[in-house]
Amino acid sequence: MKARVTVMPKAGVLDPEGKAIGRALAGLGFQGVDEVRAGKVFELDLAETDPAKARAVAEEMARKLLANTVIESFRVEVG
Amino acid sequence: MKARVTVMPKAGVLDPEGKAIGRALAGLGFQGVDEVRAGKVFELDLAETDPAKARAVAEEMARKLLANTVIESFRVEVG
Amino acid sequence: MTDAPSPLPSDRAAQLAAEFGLKPDEYERVLAILGRAPSLTELGIFSVMWSEHCSYKSSRVWLRELPTKAPWVIQGPGENAGVIAIGEGLAAVFKMESHNHPSFIEPYQGAATGVGGILRDVFTMGARPVANLNALRFGDPKLPLTRRILDGVVRGIGGYGNCVGVPTVGGEVNFHPAYNGNPLVNAMTVGIARADRIFYARATGVGNPVVYVGSKTGRDGIHGATMASAEFSADSEEKRPTVQIGDPFSEKLLIEACMELMETDAIVAIQDMGAAGLTSSSVEMAGKGGMGIELDLDAVPQRESGMTAYEMMLSESQERMLMILKPGREAEAERIFRKWELDFAVIGRLTDSGRIVIRHQGRVEADIPLAPLESEAPLYRRPTAETPKPPVLDAASVPDPVGIPAALERLVACPDLCSRRWIWDQYDSMVGGQTAKRPGAADAAVVRIEDHARALALTTDCTPRYCAADPEEGGKQAVAEAWRNITAVGATPLAITDNMNFGNPEKPEIMGQFAAAVRGMAAACAALDFPVVSGNVSLYNETEGRAILPTPAIGGVGVLERVTQAVGLALPPGCELVLVGETRGWLGQSLWLREIAGREEGAPPPVDLAAERRNGEFVRARILAGAVRACHDCSDGGLLVAVAEMAMASGAGAVLEAPPAGLPPHAFWFGEDQGRYVLAVAEAAPLLAAARAAGVPAARLGRSTAEGALVLPDGRSISVASLRAAHEATLPALMEGG
Amino acid sequence: MKAAIIVFPGTNRERDMALALHRATGRRPLMLWHAEAALPRGLDLAVLAGGFSYGDYLRCGAMAAHSPIMRAVREFAARGGHVLGVCNGFQILCEAGMLPGALLRNASLRFLSMDCHMRVERSDTAFTRRFPPGAVFRATMAHGDGNYFADTATLDRLEGEGLVALRYVTPAGEATPEANRNGAARNIAGIYSENLRVMGLMPHPENQVDPEIDGTDGLPLFQSLADSLVAA
Ligand SMILES: Nc1ncnc2c1ncn2[C@@H]1O[C@H](COP(=O)(O)OP(=O)(O)O)[C@@H](O)[C@H]1O
Ligand SMILES: [Mg+2]
């Protein structure tokens, strides 16, 4: 079973990368980009076959390691 | 309109970060993790309101800047 | 088990041989050696071993002309890196290598894996890497593509070097449109070993285990020609990139694990898996020892499923090594590599058959006699056409359009002379705690040897515009400048590594450049007792038929008995300035001519090797006698640029004296005559007297002051702060200015 | 003083740190591999040195923070032991929750290798007593992720309780934006734990301990520790 953990900077936490990308996009002539947030995504191949259990495991992984909840929030999708 | 661009290392391309995370998860006692791939995600706030156009713009941004198509592949979601 | 490889159908084999880059007569030789058509794996092995990259088929006949011996040379060219004795039972191990093409395709990973590869060449010989340098050439800085490549290359070098914890202490950068489609990324690593504990790649001992360590093998970097032919990648869901990805973290672990194993006596031979990975490492190790080798590819640690023998033998996955161990030492070695969380596998044995035999999934995939694979390798003496000697430019015939102050301000800010701070600020130059002269501080970087007073002086040099105008003088000058930069910190130059970057060798004019550059280098190496102990050749640096400037990059290594003897270039106030060496006002091929007069012409400045040696030995002796407070050689931009660089480094100023009559001022101040140094000393008189006694041309040039201005003989004054602002602004404006 | 440097896979300034400790104390520190579960008896100081533990993959220090030895380090600190974390070591201490806040990418998004100046905010701790009050000293910085972040309440608490150890300043001692190259909140270069026994900082004072190499600006930090932690 596949799980995907998406980790984004929390609102209020500086996102220098997102900002720099916003500027670079404008520099390339892309208009109408209001905001860019840059985050990370982890695709996990789990042996677990039960979706609910897989989600629980992935959430624990995110809390323990994949995200730093001082600065980041995360979201888990399975399937 | 929001667009999300997910950028992952191409299949077959070494993903040292994913490899190290996989090891660390095993070290933390998580079993049954077959593979981890680490990628990036960009959440864009676009002024564009037409979904098809927003997707086209986000795809162009990915090709031009957000992804390095020599070694990475990308996926765009809008809405 | 079938014990003979299955040959390809003969027409198919011939067609593939051509696709893999084997010439028809080369392929005939393959058939003669095997006595049958090759299997796919065999054809792959021949094609990579006989490629320009591995066989040096176009360059070997010329490289033989280079001096490679001196009493302090422990190992010259032919091993993974060169080795020299540096005193106190220590050895310096070093080499330079190019990653030009990969850095154009993917600048970050190309440069990063270039650093990783050269590090392995050095620690595979038992040396702990203590310094990295890099010699870089980029296209026109006004092009966005140039900036993108520069940005990626610098990030890649930093990303890899910073992570492995080896300080990047120096290098050089040039810009020229000839590199627009073909940047040069040459990386150099220097390591320190005990002179009696060098590890070589010569495999011996029938039955000894062949051991694979490091990262797993994937389908990275298998050459483009093959990947394009879809038949060999049945599962090709998407076109696989041939780009290799570096993993500096694994490299760091590999360094530590190898160092730990090398403390034991378990290793017979060791070699990194560089270009053509498993093929070249196994063929070369067995070949050097006159042995045979058998590999069982089922045992190779694999990152991807379904890899074929062909793919495994040609993979260029990074961070891997091959070793021959003494019998029975496998467990001990395995424990060390497991501790460092690296793969470890016994994948074969040495034999006395003189053949390489490769087994995979119950089949013999290759069975090749090793001796002819090496001895029958192609060797070409390709036709050469000499570069016509350009006429000497008469300085008096070139008017000065802008005056001295304006020219200086423009020169110190031009891309080839501006501060490289933006680059070196991204490289950790201090890790290790031994860097006494970091980038920008001296003509050569100075790195002390841990637990010793002794230090190495390191530099990379080449002036491609000289080489293009006159490859022989240019080759000579590159070696001389490296020698001079080491001398200018007070160190004794010992040996060099080189990286020969040229265009297509099948063109006589390119091969002519190559041959002439080697001739010039050889003359300089001989005259300066500065032998070549390792090197690398990169040919076919062309895009759309346009070649790069001939670029024989030189990496020089010297030694100081005590690190405290080293002098830098920062000018202290209250000194007298002395110019050592003869000034004739040589403007041909100078930066002044190009940047101020807008002309790229004339013969480059000639190098008088006897004067070079005499002047340098004089300067070094004065430095070691403790008589010199600062020293800088005159190179790009000439004398006034050298003085300005010394002043900008400290903020001090100088009052300068009138040039000798007979020379136009711009030729005196900006001519690029060779073999010259600017010295800051407490008192000029004793130095001038000593110079006279030694037959060394020297003249008082002025004095340094605490006021931050350069005052010209005619009384005009140039602010050092504004020079520095212009000098520092160029790269940041280019790279961050948007 | 009995000191130990903890070595994680990817640590690379452990030798620099050992040289600095040796110079200040006359004793070579122990090197401890991260897989050890316990610290040696009678230890006075545990040091987390700089480098790229686990390649800086995921987040700097995140994986090292979960190493077996970090439990022992946490217990050691809880018992009142002294812990110094430099650069990657600082990042590990934050990831392990032993110091508040986090270290984000440098504002410039580039690795910064250059000298910086720091002001010693209090010179009455075990780490700083050799510095005169308000001292400014020079050190090398070499990091990609040194941009200190904490929420406003945490920053206010750190300031209020005197837990800001070092700030980036000009050579004249002013905490200006130009002196703050990585963009750290309130120019913070280093902080203490509540009991002042755990210190984390981004720059590398261990690279300025030798007059033959690059001066001795950083030496007082190690001498302070040597003075403070004289033990049997
Ligand atoms: N790519 C680079 N990486 C690190 N340092 C560099 C690089 N390029 C130039 N430098 C440093 O910048 C300084 C000036 O370089 P350069 O002008 O080539 O010196 P010189 O003319 O004395 O040989 C030297 O200290 C050199 O090591
Ligand atoms: Mg030079």
Side-chain angles (χ1 to χ4, degrees), chain C residues 128 130 151 154-155 157-168 246-257 339-342 421-441 446-448 450-453 455 562-566 732 735-736, chain D residues 7-23 28 31 33-35 49-58 60 63-64 86-88 106 108-116 139-145 181 203-215 218:
Chain C
R128 178 173 282 280
V130 297
D151 182 65
V154 169
R155 282 181 194 276
I157 290 171
Y160 207 99
N162 298 345
C163 182
V164 295
V166 175
T168 300
D247 179 3
F249 172 55
S250 293
E251 180 102 334
K252 169 69 174 161
L253 303 182
L254 194 54
I255 294 175
E256 298 305 331
K339 170 187 157 190
W340 290 100
E341 303 184 5
L342 293 163
R421 182 182 308 279
W422 181 87
I423 294 175
W424 78 59
D425 273 356
Q426 300 183 56
Y427 301 153
D428 188 344
S429 55
M430 297 298 285
V431 59
Q434 306 296 334
T435 309
K437 297 284 180 223
R438 51 176 121 173
V446 176
V447 180
R448 189 179 61 185
E450 198 176 308
D451 294 329
H452 292 262
R562 278 172 289 132
V563 70
T564 47
Q565 295 167 318
M735 300 306 295
E736 317 276 357
Chain D
V7 181
F8 300 94
T11 298
N12 67 27
R13 261 188 169 83
E14 74 276 20
R15 303 156 80 86
D16 313 41
M17 183 60 75
L19 291 172
L21 289 168
H22 182 229
R23 192 165 272 271
R28 294 199 187 263
M31 294 284 181
W33 184 236
H34 74 115
F52 287 64
S53 59
Y54 296 93
D56 270 3
Y57 297 135
L58 184 57
C60 304
M63 294 190 238
V86 172
C87 198
N88 193 226
N106 293 342
S108 64
L109 297 179
R110 291 192 183 277
F111 192 91
L112 295 175
S113 165
M114 53 186 59
D115 282 354
C116 66
T140 293
M141 60 181 193
H143 57 249
D145 302 71
R181 295 296 298 264
H204 294 282
E206 72 273 24
N207 282 152
Q208 279 73 35
V209 297
D210 185 341
E212 288 191 0
I213 297 298
D214 193 30

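Just so we're on the same page: letters track the sequence lines, and every chain starts at 1. Note that the coordinates shown come from a computational prediction; the quantities given were computed from them, not determined experimentally.
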(request) Calculate, to the nearest 0.5 Å, the distance between atoms CG and CZ belonging to C:Asn162 and D:Phe52 respectively. (result) 5.0 Å
(request) Could you check if a side-chain atom of D:Glu212 sits within less than 4.5 angstrom of a side-chain atom of C:Gln434, using non-hydrogen atoms only? (result) no
(request) Side-chain contact test, heavy atoms from C-beta onward, threshold under 4.5 Å: evaluate it for D:His204 versus C:Met430 and give yes or no. (result) no
(request) Let me know if D:Gln208 has heavy atoms under 4.5 Å from chain C in its side chain, its backbone, both or neither. (result) side chain
(request) For residues C:Phe249 and D:Tyr54, establish whether the separation of their ring centroids is below 6.0 Å. (result) yes
(message) Is D:Ile213 close to chain C through its backbone or its side chain, or both, or neither, when contacts mean heavy atoms under 4.5 Å?
(response) both
(message) If I take atom CE from residue D:Met141 and atom CZ from residue D:Phe111, how far apart are they, to the nearest 0.5 angstrom?
(response) 10.0 Å
(message) I'd like to know if C:Asp151 pairs up with D:Arg110 as an ion pair, taking the criterion as any Lys NZ or Arg NE/NH1/NH2 lying under 4.0 Å from an Asp or Glu carboxylate oxygen.
(response) yes
(message) Counting heavy-atom pairs under 4.5 Å with chain D, which one of C:Val166, C:Thr435, C:Ile255, C:Asp247 comes out on top?
(response) C:Asp247
(request) Can you tell which part of C:Val164 gets under 4.5 Å to a heavy atom of chain D, answering side chain, backbone, both or neither? (result) backbone
(request) Please examine the side chains of D:Arg13 and C:Asp428, heavy atoms only from C-beta on, and report whether any two atoms are closer than 4.5 Å. (result) yes
(message) For C:Val563, which atoms come within 4.5 Å of any heavy atom of chain D: side chain, backbone, both, or neither?
(response) side chain
(message) Heavy-atom cut-off 4.5 Å, strictly under: side chain, backbone, both or neither for D:Tyr57 against chain C?
(response) side chain
(message) Determine whether a donor-acceptor pair (N or O, by modelled atom type, separation under 3.5 Å) exists between the side chain of D:Asn12 and the backbone of C:Cys163.
(response) yes
(request) Find the one option among D:His143, D:Met17, D:Arg15 whose heavy-atom pairs under 4.5 Å with chain C are most numerous. (result) D:Arg15
(message) I need the D:Glu14 CD to D:Glu206 CD distance, nearest 0.5 Å.
(response) 10.5 Å
(message) Is D:Thr11 in contact with chain C via its backbone, its side chain, both, or neither, using a 4.5 Å heavy-atom distance?
(response) backbone
(message) Using heavy-atom distances under 4.5 Å, tell me whether D:Asn88 contacts chain C through its side chain, its backbone, both, or neither.
(response) neither
(message) Between C:Lys339 and chain D, with a heavy-atom cut-off of 4.5 Å, which part of the residue counts as in contact: side chain, backbone, both or neither?
(response) both
(request) Select one option (side chain, backbone, both, neither) describing which atoms of C:Arg562 are under 4.5 Å from chain D's heavy atoms. (result) neither
(message) I'd like to verify something: which residue of D:Ser53, D:Gly50, D:Gly55, D:Gly144 has the highest number of heavy-atom pairs under 4.5 Å with chain C?
(response) D:Gly55
(request) Kindly indicate whether the side chain of C:Arg448, heavy atoms from C-beta on, has any atom under 4.5 Å from the side chain of D:Asp210. (result) yes
(request) Mind ranking D:Pro9, D:Ala142, D:Pro211, D:Gly51 by heavy-atom pairs under 4.5 Å with chain C and telling me who comes out on top? (result) D:Pro9
(message) Report which part of D:His34 has an atom under 4.5 Å of a heavy atom belonging to chain C: side chain, backbone, both, or neither.
(response) side chain
(request) Among the options C:Glu251, C:Lys252, C:Gln426, C:Glu256, pick out the one with the most heavy-atom pairs lying under 4.5 Å from chain D. (result) C:Gln426
(request) Could you tell me which portion of D:Asp56 (side chain, backbone, both or neither) has an atom closer than 4.5 angstrom to a non-hydrogen atom of chain C? (result) neither
